Amino acid sequence: LRTLMPLFDPDSGLLTVSGMVRCSLLSPLTDMSHCLTEAPTRGVAMVPKLALDVLSCEVMRVLQLTDSFIVPINYHVPRKEFHADLSKITLLSSSSLSLPLSPSPSLPPSLSSSSLSLPPSLSSSSLSPSLPPSLSSLSLPLLLLPLPPSLPLLLPLSPSLSLPPSLPPSLPPSLPPSLPPSLPPSLPPSLPPSLSSSSLSLPLPPSPPPPSPSLSCSLSLPLPPSPPPPSLSPPSLPPSSSSLSLPLPPSPPSPGPSSKFRHLQGAVLHRDTHFTNLKGLNLTTPGECDGFCANRHRVAVPLATAGGQIAIFELSQAGKLADTGLPTIQNSVNVADFSWDPFNSHRLVVAGDDAKIRVWQVPEGGLTETLTEPETILQGHTEKIYSVKFHPLASGLLASSSYDQTVRLWNLESGDEVKALRGHQDQIFGMAWSPDGKLLATVCKDGKLRIYDPRKSAEPVQEGAGPEGHRGARVVWVCDGKYLMVSGFDSRSERTLYLHSVESLSSGAIASAPTDVSPSTLIPFYDPDTSVVILTGKGDTRVYIFEIVPEAPYFLECASFNSSEPHKGLAFLPKTECVVQEVEVARGLRLSKTSIEPVAFRVPRVRKEFFQDDVYPDTAVWWESSLTASAWLAGSDGKHQSISLKPKDMTPVSEAPKEVQVRKYLPSSHYLEEKTDEQKKDELLSAMIGKLGNMDDNPLPQESFQGVEDDEWAKYLAQIIVMGAQVVGRAFARALRQEYAASQAAAEARGRAGQQSAAASSLTGMTLQEAQQILNIATLTPEELQKNYEHLFKVNDKEVGGSFYLQSKVRFIVQFPVSSHLCASPCLLLPEMLETM
């Protein structure tokens, strides 16, 4: 046996004895609750009251020491909000209120002690005899102000508080800067002059002690709530020279900005638009490759067969692919990266492991035979090529990155290398052209983010710190080319999005947004019209969506799209392929192991019959070039034209008439309001009068009719009598005919019954009378027949020594002669007999 360790809280009167909670307010001790712990207790300690969470109604906290850890045990009162009766003024020791131990001439002797007692109305402890009696009525909750460590000061939670005009020399003269130096004077005359500026409270009668509460096993204290003290204003008080106002608690932070695309929904389109039965796909493309590429007419997918083959599928010929071989492009070496020319939907550029770039021309209507000879071969790199990117404005201008740590620019019209950009110290993860086509950004494995101006220098014009991880990265220009967004990895290999300012690239990322942990690099697609970036990785099942804004918090996360199986890539089509009637802001193609599925990203809107001009600004015609490669190299700049996506038969939602708010349900006051009988009668009478209208203004039609002569009345009466006699006569004749027809039908039925009975007698060789004699039935009624049949059937049962022959005879009689008669009279046929037969 071990000694119990008691802990007593004088404010709440709770006694904790080795995990058992008791209330000491009543005698004898009342057992409140038991808390069973998993590990044996080596020691217990009670946390000071200043550490409790009073807003959650925590009244006590105990720390339990076990062999290997410390367990906090919290005791809460189940309340929905803060109650002052649970946070009584606690007894302060010298460590919580540090006052000088020697008497001060400016303070009364009662405040020179090292402790401050509480009034009985708020604490279970007794009053200190040295405290002035006027403080015994203090009934406001207190707040610990952030004063110097030598003087924590407790003040009531009231709008204002005054301090004494003079403080002892031992007290620090400085107060927190959050306290304004102005408070109205408030002090009852009974207090000493040194406390003449303390507006604490007015005398209130002490509240009765609460009844003995009970504690639950979940460590909650269901104490009855006490009513709040009445609000009283003190009498006029003398003015005070020094006063302070308590700072209000900080307001909760306002919610951050939200994206209008936060509910963006991704949906896979109908199966008729899918490419199915794909076989032999190359699922091990390099990390710098997007996996596959597409334009508005066709899709290029790498195959796992030898020779670096690429399959071409026309989007207009969706469906199940044939099991036989398809015509492909024979690249002759493994495919490292490939891309469609944005200005020529028939030109496909493929980078291979042999440091060569092959340019292929796909015929109109798709491949009808295997292509083996490229249109052009670009040579210049000395190592394997990473990726290729077309210029956004100039036609025939291509950028490529390689293991030789260079980025080279090519003129496809002449087939020549025109620029070579240097300065990288390691593998180049990704590159991207600026929207205006002037700059080129790269992200490298050496942890650097670089910006080049290819027409001015082969060295970077800016450098900055890139992602900390070295597993891969992608870069894209956002917000009209003012920022660079990089998707990479942090030092813990967590996939993270970084945002860099182009003007101050060397200062590092200005914002970041972590996503998840996965080995594949997030491949971004940025829509400049909506500033929405869509990201996913190879082998992922989730597509992340963010809206990027040029101010904090920069990244606004939207709803993500999840697929049932991992996808190998995601490519997007031009904005003109979106269905604006469905508020579709992006359409992509999702490549899986055996299929290609179109995915539409839509914004949920109510009034879809109107054109959502806030979602669809004028979009750039980026599929048309604005200048040639030679013109751009000579120093010219171009700009894309813009078009509106609004159909001719749709009205912009900004010009649509405002909807009239129609109340679907009556307000609650309509149902809660009770009307008297007199009010109901008045409403009913008013409604009836409103329907009838004004009788004087609208006379009834019959009021304009004239009277009828007496002889005309006699003529009308005679006509009525004659017509009534005719009607009665016709009805009587109809009744006679119906009665005659019914009697004829009954006679025919009796005749058919006799014929059936005779036929049954000739069939069975037994008449109905003979059957009645065997069954011992005088009159053929269902009750007698059922009773005698059951008796004879049981008596002749073989199990009781009867005769099976007689039993079958009884059954035969019931089935044939008797049933034939009963079938002629269906009303006599019992359900039990029907089941037996």
Side-chain angles (χ1 to χ4, degrees), residues 285-286 288-290 292-295 300 302 308 310 329 331 333 335-362 374-422 424 428-443 450-455 458 474-477 571 622-638 640:
T285 54
E288 293 76 22
C289 178
D290 293 347
F292 78 117
C293 60
N295 57 28
I310 299 176
I329 294 178
N331 196 59
V333 294
V335 177
D337 193 17
F338 54 104
S339 176
W340 290 104
D341 189 338
F343 313 120
N344 185 355
S345 61
H346 300 280
R347 179 186 288 173
L348 180 66
V349 174
V350 181
D353 290 344
D354 57 352
K356 296 180 181 179
I357 300 175
R358 292 169 174 83
V359 182
W360 300 89
Q361 191 74 19
V362 179
E375 183 183 45
T376 308
I377 298 180
L378 307 178
Q379 300 185 37
H381 284 291
T382 60
E383 298 287 345
K384 175 184 174 181
I385 299 176
Y386 290 125
S387 59
V388 291
K389 296 290 181 182
F390 276 95
H391 193 274
L393 295 173
S395 62
L397 185 61
L398 179 71
S400 62
S401 61
S402 170
Y403 269 96
D404 58 12
Q405 301 178 5
T406 62
V407 175
R408 300 176 187 264
L409 303 186
W410 307 86
N411 188 347
L412 297 185
E413 303 302 330
S414 61
D416 299 330
E417 176 187 335
V418 294
K419 292 287 182 180
L421 308 180
R422 308 185 185 278
H424 301 92
I428 303 172
F429 284 144
M431 56 184 178
W433 289 98
S434 61
D436 56 6
K438 298 180 180 179
L439 304 175
L440 180 68
T442 63
V443 57
R450 296 175 173 89
I451 296 180
Y452 289 86
D453 190 347
R455 293 179 293 186
R474 295 296 181 93
V475 61
V476 64
W477 297 74
W622 56 264
W623 51 91
E624 295 181 2
S625 62
S626 58
L627 72 166
T628 63
S630 302
W632 183 84
L633 293 171
S636 300
D637 293 323
H640 284 305

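Computed from a predicted model, the values in this text were never measured in an experiment.
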Cut-off 3.5 Å, no hydrogens considered: what does the side-chain donor-acceptor table look like for residues 340-352, sequence neighbours left out?
{"from": "W340", "atom 1": "NE1", "to": "C293", "atom 2": "O", "distance (Å)": "3.4"}
{"from": "D341", "atom 1": "OD1", "to": "F343", "atom 2": "N", "distance (Å)": "3.0"}
{"from": "D341", "atom 1": "OD2", "to": "R347", "atom 2": "NH1", "distance (Å)": "3.1"}
{"from": "N344", "atom 1": "OD1", "to": "H346", "atom 2": "N", "distance (Å)": "3.2"}
{"from": "H346", "atom 1": "ND1", "to": "V362", "atom 2": "O", "distance (Å)": "3.1"}
{"from": "H346", "atom 1": "NE2", "to": "E364", "atom 2": "OE1", "distance (Å)": "2.8"}

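The CE atom of M431 sits 9.5 Å away from the CG atom of L421 when rounded to the nearest 0.5 Å. Within the model, atoms CZ of F338 and CG of D290 stand 8.5 Å from one another, a figure rounded to the nearest 0.5 Å. Considering CD of E417 and CD1 of I357, their distance stands at 9.5 Å, rounded to 0.5 Å. To the nearest 0.5 angstrom, Q405 atom CD is 7.0 Å from Y386 atom OH. Separation of atoms CZ (R422) and OG1 (T406) is listed at 6.0 Å; rounding is to 0.5 Å. Note that NZ of K419 is 12.5 Å distant from CG of N411, once rounded to the nearest 0.5 Å.
Take F429 and apply the ring pair (Phe, Tyr, Trp, His ring centres under 6.0 Å) test, not counting sequence neighbours, and it matches no residue. Taking the side-chain hydrogen bond (donor to acceptor under 3.5 Å, both in side chains) definition, one finds that S339 meets it with nothing, sequence neighbours left out. By the side-chain hydrogen bond (donor to acceptor under 3.5 Å, both in side chains) test, S401 pairs with S387, sequence neighbours left out. Shown here are the side-chain hydrogen bond (donor to acceptor under 3.5 Å, both in side chains) partners of R455, two or more places apart in sequence or in another chain: D637. In this structure, E383 has no salt bridge (charged side-chain N to carboxylate O under 4.0 Å, His left out) partners at least two apart in sequence or on a different chain. By the ring pair (Phe, Tyr, Trp, His ring centres under 6.0 Å) test, W360 pairs with no residue at all, sequence neighbours left out. Evaluation of the side-chain contact (heavy atoms from CB on, under 4.5 Å) rule for K356 yields D354, R358, I377, Q379 as partners, not counting sequence neighbours. For S434, the side-chain hydrogen bond (donor to acceptor under 3.5 Å, both in side chains) partners at least two apart in sequence or on another chain are D436. For A571, the side-chain contact (heavy atoms from CB on, under 4.5 Å) partners at least two apart in sequence or on another chain are F292, A294. Not counting sequence neighbours, D416 has no partner by the salt bridge (charged side-chain N to carboxylate O under 4.0 Å, His left out) test. Taking T628 as the reference, S395, S630, A631 meet the side-chain contact (heavy atoms from CB on, under 4.5 Å) condition, with sequence neighbours excluded.
Using a distance-only test at 3.5 Å, with no hydrogens or angles considered, no donor-acceptor pair links the side chain of W632 to the main chain of H391. With H381 contributing its side chain and D404 its backbone, the two residues share no donor-acceptor pair below 3.5 Å. R408 contributes no side-chain N or O that, together with a main-chain N or O of L398, makes up a donor-acceptor pair within less than 3.5 Å.
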Check step by step if side-chain contact (heavy atoms from CB on, under 4.5 Å) holds for R474 and V443. CA-CA 7 Å; R474 295 296 181 93; V443 57; 5.9 Å; no
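The shortest non-hydrogen separation linking N331 to G308 is CB-O, 3.0 Å. Here the closest heavy-atom approach between residue I428 and residue S402 is recorded as CD1-O, 4.4 Å. For the pair A458 and A420, the tightest heavy-atom approach, listed with the atom from each and the gap, is CB-O, 3.4 Å. The heavy-atom pair separating P435 from W477 by the smallest distance is CD-CB, 3.8 Å. Considering all non-hydrogen atoms of both residues, T285 and P302 come closest at CG2-CG, 4.0 Å. Across all non-hydrogen atoms, the minimal contact from A336 to C289 is O-CB, 3.3 Å.
Using a 4.5 Å heavy-atom cutoff, the side chains of W410 and V388 are not in contact.
Remark: the R450 side chain and the H424 side chain contain no N/O donor-acceptor pair separated by less than 3.5 Å.
Separation of the W622 and W433 ring centroids does not fall under the 6.0 Å cut-off.
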